[in-house]
Amino acid sequence: MKKLYAVIGDPIGHSMSPAMHNDLFQHYKIDAHYHALHVKSEQLEDAIKGLKAIGISGFNVTIPHKVKIISLLDRVDSLALSIGAVNTVVNEDGQLVGYNTDGSGYLTGIRNELSSLEDKKVLIIGAGGAARAIYFSMADAGIKQIDLTNRTVNKALSLIHDCPYAVQSEALELNETEKQLIEYDIVIQTTSIGMSPERDYIPLSLHNLKTNAFVSDIIYNPLETLFLQNAKEKGASIQNGISMFVHQGALAFQKWTGILPDLDRMKNIVLKQLGGNIC
Ligand code: NAP
């Protein structure tokens, strides 16, 4: 019988995950289909019971359900629990088990670009859900120094306080960060600033950026934010948000099927989807 996979969220019409995963199922000759399911917050509990009852094989979880779903699952792995968010659920012998592949997806993507991370000084801009997943995953991976800067600096302080892994971190004001930017080897932009249609904004000035720094922005629409353009002009190597998106999807696909899929294939599907959407 055809296996069933899905992504649940509200809104969900924009999701690129169905195209990406359905292409992979076809490519690897797996008899399965991946649906986008519009689930409103007040329906979440019933939706999870329903998905379990019909024996769904696995699903992704997106905004606004990543936190609330935790209490509705049978089990949640320790990294996802400490992050406090689940984006991937696997049906393991009838039990719905939650994982977070956002942070590990980001980490896998950056490891493909840089040979060693552990000795690098990292700055994360932002302290929202994505920053939390990336920060905890990098700390769990043994990266020693990761500072955080955010408009609301108290949120950065909370992230540092909540992190269960050993890591040296400071929470900085944005203007303070601009002055000491030269200290960082890796700068990760995780706020929504610069996302289409508000493309003309950056979270902080890159005037003092180290010449050979590595700068990534997890936004993928536009593919090159103003922040990344500025970083490139300063001589930095850059990475856009496609990497994180594709790698989190690949890790979810691997958890469901045991296959680590072809990343170039996934990237091409996403770029094709974005083709009509980069405004
Ligand atoms: P979130 O939890 O709502 O966090 C938003 C962050 O942006 C916070 O740090 C917030 O600062 C900051 N921010 C928003 N508007 C701002 C403004 N006008 N000035 C200064 N700071 C501002 O969102 P999220 O889930 O972390 O997502 C953040 C971005 O990452 C979105 O663009 C999302 O599309 C992208 N994303 C990409 C991927 C991927 O796979 N590539 C995955 C997840 C998310 P405050 O704390 O001060 O409000």
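Heavy-atom basis, side chains included; hydrogens, waters and symmetry copies ignored. Since the structure is predicted, the reported quantities are computational estimates derived from the model, not experimental observations. Counting starts at 1 for both ligands and their atoms, following the listed order.
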| request: May I have the step-by-step check of side chain to side chain donor-acceptor pair (under 3.5 Å) for Ser243 and Tyr106, ending in yes or no? | output: CA-CA 7 Å; Ser243 169; Tyr106 179 82; over 6 Å; no
| Who are the residue neighbours of ligand 1 when the rule is a heavy atom under 4.0 Å from any of its atoms? | Gly126, Ala127, Gly128, Gly129, Ala130, Asn150, Arg151, Thr152, Lys155, Thr190, Thr191, Ser192, Ile193, Met195, Ile218, Ile219, Tyr220, Gly241, Met244, Phe245
| With sequence neighbours excluded, what pairs up with Tyr99 under the ring pair (Phe, Tyr, Trp, His ring centres under 6.0 Å) test? | none
| Gap between atom CD1 of Ile83 and atom CZ of Arg132 - 0.5 Å precision | 8.5 Å
| task | If you link ILVMFWY side chains whenever their heavy atoms are less than 4.5 Å apart, which other residues fall into the same cluster as Leu172? By chain and number, please. | result | Leu123, Ile125, Leu174, Leu181, Tyr184, Val187, Ile202, Leu204, Leu206, Leu209, Val215, Leu226, Phe227, Leu228, Ile238
| side-chain contact (heavy atoms from CB on, under 4.5 Å) with His33: which residues, sequence neighbours excluded? | Lys2, Asn22, His35
| Mind checking whether Phe59 and Tyr34 have ring centres under 6.0 Å apart? | no
